[in-house]
Amino acid sequence: MADSVRAAVAHLLDWEDAHAGFDKVLHGLPRKLRGQVPPGLPYSPWQLLEHLRLTQQDILDFCVNPAYLERKWPDDYWPKTPSPPTPTAWDESVAGFRKDRETLQRLALDPNLDLMAKVPAGEGQTYLRELLLVADHTAYHLGELVVVRRALGAWPGA
């Protein structure tokens with residue numbers, strides 16, 4: 001049973017069963033719209049993507065770094081501008097998100113890690129809680145990104 005739970009948690013980090021996944025949500029978004037904030041909404045696609053990457057990276061660091069230092073909310077979790085700061089920033093953020101997600105999936109599948117053990121840098125949080133937090137947070141903001149793309153007229157069928 002432990003292996004099936006681990007596999008389910010690892011799969012949940014890249015789940016597309018109940019909603020569009022990371023790659024589908026980002027696929028085909030025109031470069032010119034990545035820094036656009038739709039009227040009536042608070043974020044651009046870039047801000048949501050980079051927030052996802054920064055937050056996931058922070059949770060991974062929390063899980064694997066015993067000398068983890070808590071970041072400042074919200075400053076360290078959201079980009080400063082609505083547009084990517086460089087021509088390569090978007091692709092770098094996508095690649096960073098995928099790399100850290102794969103590392104979290106390997107963590108979930110590691111039979112030497114007790115998922116119910118407390119994270120050493122934490123205050124009672126377990127590894128399982130942190131993995132579920134990443135999955136939940138990602139799903140939430142991917143939904144927001146779909147709404148932003150719809151408002152920009154850049155979602156299939158929008």
Side-chain angles (χ1 to χ4, degrees), residues 1-29 34 41-79 84 88-152 154-158:
M1 171 135 158
D3 287 343
S4 63
V5 169
R6 288 179 183 286
V9 171
H11 178 67
L12 182 63
L13 292 167
D14 191 19
W15 194 302
E16 292 188 70
D17 296 2
H19 56 79
F22 181 79
D23 291 323
K24 182 174 182 177
V25 170
L26 296 179
H27 180 74
L29 179 64
R34 294 174 180 174
L41 294 175
Y43 306 116
S44 69
W46 163 250
Q47 288 169 303
L48 289 165
L49 167 63
E50 185 65 355
H51 172 67
L52 281 167
R53 184 192 69 77
L54 290 167
T55 303
Q56 181 178 253
Q57 180 185 60
D58 180 54
I59 294 170
L60 173 60
D61 187 37
F62 175 68
C63 287
V64 299
N65 181 2
Y68 169 82
L69 295 174
E70 190 171 335
R71 297 177 186 183
K72 183 178 177 187
W73 174 260
D75 301 346
D76 295 336
Y77 294 89
W78 287 94
T88 60
W90 179 272
D91 292 337
E92 290 166 357
S93 185
V94 169
F97 180 89
R98 287 178 181 147
K99 179 180 174 277
D100 289 343
R101 180 184 61 199
E102 289 169 7
T103 302
L104 286 163
Q105 287 173 313
R106 284 193 302 275
L107 192 68
L109 293 168
D110 183 354
N112 296 314
L113 179 71
D114 177 359
L115 293 177
M116 297 309 296
K118 292 179 181 175
V119 177
E123 299 174 356
Q125 301 95 326
T126 66
Y127 290 100
L128 180 60
R129 178 209 184 265
E130 295 306 302
L131 293 165
L132 296 175
L133 177 63
V134 169
D136 184 52
H137 181 263
T138 299
Y140 176 83
H141 286 297
L142 287 178
E144 284 188 315
L145 193 44
V146 169
V147 170
V148 167
R149 286 194 61 172
R150 283 183 182 273
L152 293 171
W155 184 249

Salt bridge (charged side-chain N to carboxylate O under 4.0 Å, His left out) partners of Arg106, counting only residues at least two apart: none
Under the salt bridge (charged side-chain N to carboxylate O under 4.0 Å, His left out) test, which residues partner Asp23, sequence neighbours left out? Arg98
Determine, stepwise, if the pair Leu54 / Asp76 fulfils side-chain contact (heavy atoms from CB on, under 4.5 Å). CA-CA 8 Å; Leu54 290 167; Asp76 295 336; over 6 Å; no
Please report the C-alpha distance between Leu26 and Trp90 in whole Å, then the side-chain angles of each, then the deciding distance to 0.1 Å, and finally whether the side-chain contact (heavy atoms from CB on, under 4.5 Å) criterion is met. CA-CA 10 Å; Leu26 296 179; Trp90 179 272; 3.8 Å; yes
Tightest non-hydrogen contact, residues Leu29 and Ala154, listed as CD1-CB, 4.0 Å
Could you go through residues 118-131 and list every donor-acceptor pair under 3.5 Å that involves a side-chain atom there, pairing it with any protein atom two or more places apart or in another chain?
from   : atom 1 : to     : atom 2 : distance (Å)
Gln125 : OE1    : Glu123 : N      : 2.5
Thr126 : OG1    : Arg129 : N      : 3.0

Nearest 0.5 Å, please: how far is OG1 in Thr55 from CG in Leu60? 12.5 Å
Taking all heavy atoms of Trp46 and all of Pro79, pick out the closest pair and write down the distance. NE1-CB, 3.5 Å
Within-4.5 Å side-chain heavy-atom neighbours: Asp58 and Tyr68: yes
Supply the atom-to-atom distance Ile59 CD1 to Leu104 CG, rounded to the nearest 0.5 angstrom. 8.0 Å
So, the side chain of Thr138 versus the backbone of Val134: is there a donor-acceptor pair under 3.5 Å, distance only? yes
Step-by-step side-chain contact (heavy atoms from CB on, under 4.5 Å) determination, Phe22 to Arg101: CA-CA 11 Å; Phe22 181 79; Arg101 180 184 61 199; 3.7 Å; yes
Using 30° and 60° as the class boundaries, would you call the ring planes of Trp78 and Tyr43 parallel, tilted or perpendicular? parallel
Quick one: closest heavy-atom pair of Leu142 and Ala20, and the distance? CD1-O, 3.9 Å
Here the pair of heavy atoms bringing His19 nearest to Ala139 is NE2-CB, 3.6 Å
In this structure, which one of Arg71, Arg53, Glu50 forms a side chain to side chain contact (heavy atoms under 4.5 Å, CB included) with Tyr77? Arg71
Kindly compute the distance separating OG1 (Thr103) from CD (Gln105), expressed to the nearest 0.5 Å. 9.0 Å
Spatial distance of atom CG (Leu48) from atom OH (Tyr140) [nearest 0.5 Å]: 9.5 Å
So CG of Leu145 and CG of Leu152: to nearest 0.5 Å the spacing works out to 9.5 Å
Phe97 and Val94: CA distance, side-chain angles, deciding distance, side-chain contact (heavy atoms from CB on, under 4.5 Å) verdict: CA-CA 5 Å; Phe97 180 89; Val94 169; 5.9 Å; no
Measuring from atom CG of Leu107 to atom CG of Leu115, what distance do you get when rounded to the nearest 0.5 angstrom? 7.5 Å
Check: His137 and His51 side chains under 4.5 Å, non-hydrogen atoms: yes
Please confirm whether the backbone N or O of Ala108 pairs with a side-chain atom of Arg6, one donor and one acceptor, at under 3.5 Å? yes
